[in-house]
Amino acid sequence: MEEVKSLNFLEEIIEKDIKAGKYKEIVTRFPPEPNGYLHIGHATSICLNFGLTKKYGGYTNLRFDDTNPVTEETEYVDSIKDDVRWLGFEWKNERYASDYFPQLYEYAIRLIKKGVAYVDDSTSEEIASMKGTPTEPGRNSPYRSRSVEENLDLFQRMKKGEFPDGSRTLRAKIDMAHHNMLMRDPVLYRIKHAHHHRTGDEWCIYPMYDMAHGQSDSIEHVTHSICTLEFVPHRELYDWLIEHLEIFTSRQYEFARRNISYTVMSKRKFLQLVNDKHVEGWDDPRMPTIAGLRRRGYTPESIREFCDRVGIARREILADVGLLEFCIREHLNKIALRRMVVFDPLKIVITNYGSERSNVKGEMVAGMIDAKGQMGETRNEQPVTSNEEMVQSENNPEDPDSGYRAIPFSSELYIEREDFMENPPKKWFRLAPGQMVRLKSAYIIKCDEMIKDENGKVTELHCSYIPESRSGHDTSGIHVKGTLHWVSVKHAITCEVRLYDRLFRVEDPSSEEGDFKDYINPDSLHIVKAAYAEPSLMHARFDERYQFLRKGYFCLDKDSSESAIVFNRTVTLKDSWKPSAFKGSKSEP
RNA sequence: UGCCCUGUGGUAUAAUGGUAGUACGUCAGAUUCUGGCUCUGAAUGUCAGGGUUCAAAUCCUUGCAGGGCAACCA
């Protein structure tokens with residue numbers, strides 16, 4: 001039985017339209033203004049617009065809403081295109097509202113000729129003062145009753161550049177007492193002698209959003225123009241203009257913008273975070289920008305899955321960042337290569353290793369390297385002496401085809417300091433005096449002796465290993481609850497690891513008292529300068545994802561170089577271990 | 001104190017007059033050479049009052065709560 005997936009309200013509308021034979025194909029558009037980077041909120045809109053036409057047949061245009069020359073730049077156009085493609089979508093046509101400036105100008109003339117638009121000489125202050133308030137009607141402008149001929153003449157001269165910025169506007173003639181403020185003779189065109197990133201100095205009058213967006217939709221025969229809730233009041237004007245222009249009827253539908261807990265979601269706030277150096281840039285891995293998430297190690301699949309799972313509706317929402325984290329864990333669990341890295345080392349010496357193991361060596365050494373070419377190259381095979389050997393470990397238990405890799409094991413190892421406790425609580429499965437644990441893919445060891453410095457700090461552990469407990473050949477009959485990750489002291493490579501936590505301490509920084517920046521999490525970044533990694537990580541690649549066993553999911557950062565490897569933590573592993581006594585924060589030390 | 005939009009477990013989303021379901025989270029347990037994954041179970045919900053109806057989350061009504069609207073921004 002196929003599971004019936006319920007439809008969201010837009011899918012319902014579209015299915016109804018298709019059944020009614022209203023359109024022969026569905027056309028949508030993703031309409032960013034090229035004045036900033038895309039964030040995960042935009043991803044919703046992208047997934048919706050592209051997803052709908054993919055599902056129902058039709059296409060989606062990428063249209064830059066570039067009607068304000070003073071804020072828009074080509075740099076943003078490029079980054080937006082990158083981000084959309086990275087998310088996995090391809091548009092049919094790349095368009096710009098500015099492509100339509102000549103057509104839009106003709107539309108304006110059409111409105112003037114119909115007597116429903118006029119040139120107003122009032123200043124912006126005067127227009128504002130005549131607008132009224134939500135509870136009081138506005139007053140007609142003294143220029144409202146100009147003749148069609150005069151309006152035509154004035155508007156054409158506006159275009160020619162005869163008037164200075166702000167001296168005149170073209171306004172729709174609707175109703176200054178309208179209950180919808182946007183219908184009180186909205187400004188359609190303004191004078192701006194500014195250089196435009198595409199049209200250069202060709203124009204000195206620019207259409208306002210309402211005069212450009214719906215008309216661009218109509219020109220492109222967009223059937224379903226999807227936008228966020230703040231445009232609901234604009235719909236009346238959207239429809240009014242299309243009706244009076246007598247052009248293709250596009251319809252606007254609104255859904256709620258998506259906010260996510262423990263972060264902010266506005267270009268203005270991002271800019272402050274960057275300018276005030278709370279983050280290092282638009283692509284800082286803590287930023288909810290697409291670029292930031294990408295650098296953090298999020299996959300397009302996980303973001304699409306997140307958008308899908310949250311769904312859409314018409315009420316303001318604050319989605320749980322935990323769901324985003326669930327989505328990336330779910331994907332990474334399937335694809336990440338398992339590796340071992342120790343962040344905070346505690347040295348252990350296996351006192352009986354070497355002398356007692358004459359018979360376990362031979363057969364394992366040859367043919368042990370498989371690992372799907374991962375680390376297969378024999379380059380880092382150290383000479384195998386009686387004090388060391390290679391062990392095999394699966395690259396990904398979730399993916400049988402991922403093969404195995406070889407890891408050098410020796411008598412001197414590092415384990416995680418937090419995996420040892422001198423006086424452990426109940427149900428402590430890790431190392432403690434006299435207690436046994438398994439070293440992943442290697443042997444079971446027992447902690448015999450602690451070495452401390454003069455301050456009483458444990459500096460080293462002396463352990464003994466059980467030769468019969470080798471992974472895959474365990475005949476010891478011993479069962480231990482805990483398995484630790486480890487790395488051989490002699491073979492370890494060092495790398496930098498950047499551990500990220502949520503950027504804010506509160507769920508909804510924007511709704512708190514005072515400045516949202518007061519709620520920044522001071523510990524959102526913790527850098528481990530020198531972590532000890534198994535040698536295969538020397539060849540880490542940008543297109544691979546890693547799970548550092550028991551630590552989380554990681555990816556290579558762009559700051560990496562030949563001599564210095566840097567990893568970003570995408571997300572921690574889910575951690576259900578909680579000693580009842582101290583249920584601490586989830587963040588790393 | 002005008003107009004518009006919206007109220008379903010902690011979060012998000014279904015149920016389109018007919019058994020309030022799903023996912024994440026939480027809690028408990030099983031399993032485990034990752035305290036991961038996987039599996040099992042549990043708790044928690046229709047904003048409030050009134051009305052229509054055999055039957056209301058759904059329709060009507062009155063409140064209440066949240067959001068939006070007075071840029072030559074989009």
Side-chain angles (χ1 to χ4, degrees), chain A residues 3 5-8 12 31-33 35 65-68 70-72 97 120 122-124 127-129 131-138 165-171 178-182 184 186-192 205-206 208-210 212-213 227 229-236 254 256 258 261 306 309-327 329-330 333-334 338 340 393-394 397-398 427-430 437-442 444 469 471-472 474 479-485 507 547-553 572-578:
Chain A
E3 193 186 334
K5 197 158 187 281
S6 58
L7 304 176
N8 65 46
E12 276 179 20
E33 185 188 7
N35 69 347
D65 236 339
D66 57 349
T67 56
N68 187 357
V70 302
T71 57
E72 294 149 4
D120 195 332
S122 309
T123 63
S124 62
I127 289 177
S129 73
K131 197 121 197 171
T133 70
T135 52
E136 305 161 65
D165 285 6
S167 59
R168 275 174 238 260
T169 56
L170 181 73
R171 298 178 72 182
H178 203 284
H179 61 84
N180 181 347
M181 298 291 290
L182 281 160
R184 320 245 262 225
V187 172
L188 266 19
Y189 262 91
R190 77 281 213 184
I191 301 173
K192 244 179 199 172
I205 55 171
Y206 292 94
M208 299 291 291
Y209 167 83
D210 291 298
H213 198 97
C227 60
L229 246 30
E230 70 261 36
F231 292 99
V232 169
H234 290 256
R235 188 174 61 231
E236 202 169 7
E254 312 87 12
R258 188 188 327 266
S261 57
F306 171 73
R309 279 181 186 255
V310 174
I312 58 157
R314 280 174 65 86
R315 55 174 157 159
E316 291 288 337
I317 59 152
L318 183 64
D320 188 349
V321 70
L323 182 60
L324 216 210
E325 292 176 346
F326 167 82
C327 291
R329 283 191 187 108
E330 184 186 44
N333 179 47
K334 290 195 194 102
R338 313 295 135 122
M340 294 199 283
S393 193
E394 69 272 25
E398 304 291 319
K427 286 200 171 175
W428 173 261
F429 301 154
R430 286 116 96 152
V437 294
R438 170 169 296 280
L439 295 176
K440 173 69 183 174
S441 298
I444 292 173
S469 66
S471 284
D474 188 349
H479 291 284
V480 292
K481 286 287 246 179
T483 300
L484 305 186
H485 62 282
E507 269 206 324
Q547 185 199 101
F548 292 175
L549 240 55
R550 309 205 300 133
K551 304 257 57 159
Y553 293 100
T572 59
L573 251 29
K574 202 169 130 189
D575 184 5
S576 60
W577 181 68
K578 38 178 188 322

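Protein chains get the first letters and strands the later ones, always in sequence-line order, with residue 1 at the start of each.
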Asks: Distance check needed: B/U32 C1' versus A/Trp577 CH2, whole Å only.
Replies: 18 Å
Asks: Calculate, to the nearest 0.5 Å, the distance between atoms CD1 and CZ belonging to A/Ile444 and A/Arg438 respectively.
Replies: 4.5 Å
Asks: Using a cut-off of strictly less than 4.0 Å, decide whether A/Thr135 has a side-chain nitrogen or oxygen near OP1 or OP2 of B/C3.
Replies: no
Asks: Heavy-atom nearest nucleotide on RNA chain B for A/Thr133 versus A/Pro32: which residue maps closer to 5'?
Replies: A/Thr133
Asks: Which of the following nucleotides, B/G35, B/G67, B/G2, is nearest to the side chain of A/Pro134?
Replies: B/G2
Asks: Rounded to whole angstrom units, what separation is found between the CG atom of A/Leu229 and the C1' atom of B/C5?
Replies: 6 Å
Asks: Could you say whether A/Ile312 or A/Val232 is positioned toward the 5' end of RNA chain B, judged by the nucleotide with the nearest heavy atom to each?
Replies: A/Val232
Asks: Looking only at atom C1', what distance separates B/A70 and B/U61, rounded to whole Å?
Replies: 31 Å
Asks: Is the phosphate of B/A23 approached by A/Arg309 (side-chain N or O, under 4.0 Å from OP1 or OP2)?
Replies: no
Asks: Looking at B/A15, I'd like to know if its phosphate oxygens (OP1 or OP2) sit under 4.0 Å from a side-chain N or O belonging to A/Ser6.
Replies: no
Asks: Looking only at atom C1', what distance separates B/A12 and B/G7, rounded to whole Å?
Replies: 14 Å
Asks: So, is A/Arg550 near the phosphate of B/G35, with a side-chain N or O under 4.0 Å from OP1 or OP2?
Replies: yes
Asks: Starting at CG of A/Asp65, measure out to OG1 of A/Thr67 and round the result to the nearest 0.5 Å.
Replies: 5.5 Å
Asks: If we take the C1' atom in both B/A20 and B/A55, what is their distance in whole Å?
Replies: 15 Å
Asks: Quick check: any donor-acceptor pair below 3.5 Å linking the side-chain of A/His178 to the base of B/A70?
Replies: no
Asks: Measure the NE2-CE distance between A/His213 and A/Met208 for me, rounded to the nearest 0.5 Å.
Replies: 14.5 Å
Asks: Could you work out which one of B/U13, B/A74, B/G36 sits closest to the side chain of A/Ile317?
Replies: B/U13
Asks: Roughly how many Å apart are B/U58 and B/U46, using the P atom of each and rounding to a whole number?
Replies: 12 Å
Asks: CD of A/Glu398 versus C1' of B/C37: gap in Å, rounded?
Replies: 5 Å
Asks: Can you tell which of B/C73, B/A70, B/G10 lies closest to the side chain of A/Met181?
Replies: B/A70
Asks: Report the base-pairing partner of B/C3 (Watson-Crick or G-U wobble, both distances below 3.5 angstrom), or none.
Replies: B/G68
Asks: Determine the interatomic distance between P on B/U22 and the same-named atom on B/A42; round to the nearest Å.
Replies: 11 Å
Asks: Among B/C72, B/G36, B/C33, find the nucleotide with the atom closest to the side chain of A/Ser124.
Replies: B/C72
Asks: Can you tell me the distance, in whole Å, between the CZ atom of A/Phe306 and the P atom of B/U13?
Replies: 11 Å
Asks: May I ask you to check whether A/Thr572 and A/Arg329 show a side-chain donor-acceptor distance below 3.5 Å?
Replies: yes
Asks: With a 4.0 Å cut-off, would you call A/Asp120 and A/Arg171 a salt bridge?
Replies: yes
Asks: Is it the case that B/G36 (base atoms only) and A/Arg329 (side chain only) share a donor and an acceptor within less than 3.5 Å, ignoring hydrogens and angles?
Replies: no
Asks: Do you know which two heavy atoms are closest between A/Glu33 and A/Glu72, and how far apart they sit?
Replies: OE2-OE2, 2.9 Å
Asks: Distance check needed: B/U11 C1' versus A/Asp320 CG, whole Å only.
Replies: 5 Å
Asks: A/Thr67 has a side chain; which of B/C72, B/A74, B/C33 sits nearest to it?
Replies: B/A74
Asks: Under a 4.0 Å N-O cut-off, is there an ion pair linking A/Glu394 with A/Lys440?
Replies: yes
Asks: Counting just side-chain N and O atoms, does A/Lys192 come under 4.0 Å of either OP1 or OP2 of B/C73?
Replies: yes
Asks: Which nucleotide, if any, forms a Watson-Crick or G-U wobble pair with B/G36, using both distances under 3.5 Å?
Replies: none
Asks: Check whether the aromatic ring of A/Phe326 stacks on the base of B/G25, taking stacking as ring centres less than 5.5 Å apart and planes within 30° of each other.
Replies: no
Asks: Considering only the C1' atoms, how many Å lie between B/A23 and B/C5, rounded to the nearest integer?
Replies: 27 Å
Asks: Of all the nucleotides listed (B/A74, B/A12, B/G36), which has the minimum atom distance to the side chain of A/Arg338?
Replies: B/G36
Asks: State the pairing partner of B/U22; accept Watson-Crick or G-U wobble contacts with both distances under 3.5 Å, and report none otherwise.
Replies: B/A12
Asks: Does the side chain of A/Arg190 get closer than 4.0 angstrom to OP1 or OP2 of B/A74 through an N or O atom?
Replies: yes
Asks: Please report the distance, rounded to the nearest Å, between CE in A/Met340 and P in B/G36.
Replies: 18 Å
Asks: For nucleotides B/U11 and B/U26, find the distance between their P atoms and express it as a whole number of Å.
Replies: 15 Å
Asks: Just how far, in rounded Å, is P of B/U31 from NZ of A/Lys481?
Replies: 7 Å
